[in-house]
Amino acid sequence: MKRQGILIIISGFAGVGKGTLVKRLVQKYDRYALSISMTTRAPRPGEENGREYFFVTKDEFERQIKENGLIEYASYCGNYYGTPRAYVEEQMAQGKDIILEIEIQGAMKVKERFPNAVLIYVLPPSAAELEGRLRGRATETEEKIAERLSRAAAESEGLEQYDYVIVNDDLDECECELHGILCAAHFTPGQNISFINELRNDLKKFQKGETTV
Ligand code: 5GP
């Protein structure tokens, strides 16, 4: 049975630690590739163009939309964010499990287009812990923190649309759970439909009474 790459969506409230989680997975296992998004938001201190994001102007982003260069895009807290198409398609063709770390509106668009995509939401152990982590980042203004926390409350309404939720309390444990879910996701019928159809076809001869002996 040939291993097909899966499309993985990881979402989570701002500050929940999903970025760290995903980076660990990609560093540890060769099978995962991480999509780098395009955004119109300004880089945070320490972020590099082409590493965390491709930082572009609004004009450039809108040009990408027109030219169908993005698999999905969404507006989040006043900025555009989108997934460049070429890299994702290239990695999937190579059988890699490609991870998109995106918010919920984009996740729903991807689910429509790729019904076999696996959608995972990373949760904090509590609301208080989320606020603490977001403040601990120290890269955001008080206004931005409040905006992101309010956005978290709104996003929490859509959690049932995901396939799995995991709690990021202990990072090692959470990484292990995430990897476990993704390993299992390879074994759904939808993910193995070419093999199933081939086998079904070969089995038909038994209904006609044909055997090899
Ligand atoms: P941040 O500004 O904190 O890096 O990201 C803000 C939100 O945008 C996060 O929830 C992140 O997952 C989401 N995001 C990042 N890249 C993309 C993307 O390409 N598409 C969509 N829809 N959301 C994204």
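Looking only at side-chain heavy atoms (C-beta outward), E175 and K28 come within less than 4.5 Å of each other. Taking 4.5 Å as the limit, some side-chain heavy atom of R41 sits within range of a side-chain heavy atom of F55. Using a 4.5 Å cut-off on side-chain heavy atoms (C-beta onward), F54 and T39 make no contact. For the pair N168 and I166, the minimum side-chain heavy-atom distance is 4.5 Å or more. Two residues are said to be in side-chain contact when any heavy atoms from C-beta on lie closer than 4.5 Å; L25 and L178 meet this criterion. With a 4.5 Å cut-off on side-chain heavy atoms, E147 and E143 do not count as touching. Between H186 and Q4 there is no side-chain heavy-atom pair separated by less than 4.5 Å. At least one side-chain heavy atom of V16 sits under 4.5 Å from a side-chain heavy atom of L130.
The pair E72-R113 does not count as a salt bridge, with every side-chain nitrogen at least 4.0 angstrom from each carboxylate oxygen. Using a 4.0 Å cut-off between charged side-chain N and carboxylate O, E47 and R51 make no salt bridge. Under a 4.0 Å N-O distance rule, the pair E103/R151 qualifies as a salt bridge.
Nearest heavy atom pair, residue A14 against residue R148, reads CB-NH1, 3.8 Å. Contact between F114 and L7 at its shortest, heavy atoms only, is CG-CD2, 3.5 Å. Taking every heavy atom of both residues into account, P84 and S37 meet most closely at CD-CA, 3.9 Å. Between A33 and Q91, the closest heavy-atom pair is CB-OE1, 3.5 Å. Of all non-hydrogen atoms in G190 and N116, the two that sit nearest each other are O-ND2, 3.1 Å. Considering every non-hydrogen atom in both T40 and F61, the closest pair reads CG2-CB, 3.8 Å.
The distance from the NZ atom of K66 to the CG atom of N68 is 13.0 Å, given to the nearest 0.5 Å. Note: C176 SG to L171 CG = 11.5 Å, rounded to the nearest 0.5 Å. A distance of 11.5 Å separates NZ in K96 from CD1 in I8, rounded to the nearest 0.5 Å. Summarising the geometry, atom OH belonging to Y162 is positioned 9.0 Å from atom NZ belonging to K111; distances are rounded to the nearest 0.5 Å. Going from atom CE of M108 over to atom CG of L119 covers 5.5 Å, rounded to the nearest 0.5 Å. Distance OG1/T83 to CD1/I9: 7.0 Å, rounded to 0.5 Å.
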Go through the steps for L21 and I10 under the test side-chain contact (heavy atoms from CB on, under 4.5 Å), then give the verdict. CA-CA 10 Å; L21 197 59; I10 310 276; 5.6 Å; no
Would you please test R133 and E129 for salt bridge (charged side-chain N to carboxylate O under 4.0 Å, His left out) and show each step? CA-CA 6 Å; R133 286 189 198 170; E129 175 69 22; 2.8 Å; yes
For R24 and C174, what are the C-alpha separation, side-chain angles and deciding distance, and is it a side-chain contact (heavy atoms from CB on, under 4.5 Å)? CA-CA 11 Å; R24 282 173 67 141; C174 192; over 6 Å; no
Could you check E177 against Y164 for side-chain contact (heavy atoms from CB on, under 4.5 Å), going step by step and ending with a plain yes or no? CA-CA 10 Å; E177 288 163 356; Y164 300 94; over 6 Å; no
When you look at F206 and T211, which way does the side-chain contact (heavy atoms from CB on, under 4.5 Å) test go after all the steps? CA-CA 6 Å; F206 297 140; T211 58; 4.2 Å; yes
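Taking the six-membered ring where tryptophan is involved, the planes of Y29 and H179 are essentially parallel, since the angle between them stays under 30° and well short of 60°.
When the options E62, K58, E60 are evaluated for a side-chain hydrogen bond (donor to acceptor under 3.5 Å, both in side chains) with Y80, the one that passes is E62.
There is no path of hydrophobic side-chain contacts, each under 4.5 Å, that joins V56 to Y87. Neither L70 nor M92 shares a network with the other; the hydrophobic side chains, linked directly or stepwise wherever heavy atoms of I, L, V, M, F, W or Y lie under 4.5 Å apart, form separate groups for each. The hydrophobic clustering, which links ILVMFWY residues whose side-chain heavy atoms are closer than 4.5 Å, places L123 and V118 together. L182 and I102 fall within a single hydrophobic cluster, where Ile, Leu, Val, Met, Phe, Trp and Tyr are joined by side-chain heavy atoms under 4.5 Å apart, directly or via other members. Under the 4.5 Å side-chain contact rule for hydrophobic residues, Y76 and M38 do not share a cluster.
At distances below 3.5 Å, at least one donor-acceptor pair connects side-chain atoms of N192 with backbone N or O atoms of T188. In terms of modelled atom types and a separation under 3.5 Å, the side chain of Q191 and the main chain of G5 share a donor-acceptor contact. Between the side chain of D97 and the main chain of I6, a donor-acceptor pair closer than 3.5 Å is present.
In summary, the side chains of Y73 and Q64 do not present any donor paired with an acceptor at a separation below 3.5 Å, with no hydrogens or angles considered.
For CG of D30, the number of neighbouring non-hydrogen atoms (other residues, nucleotides, ligands) closer than 6.0 Å is 12 at most.
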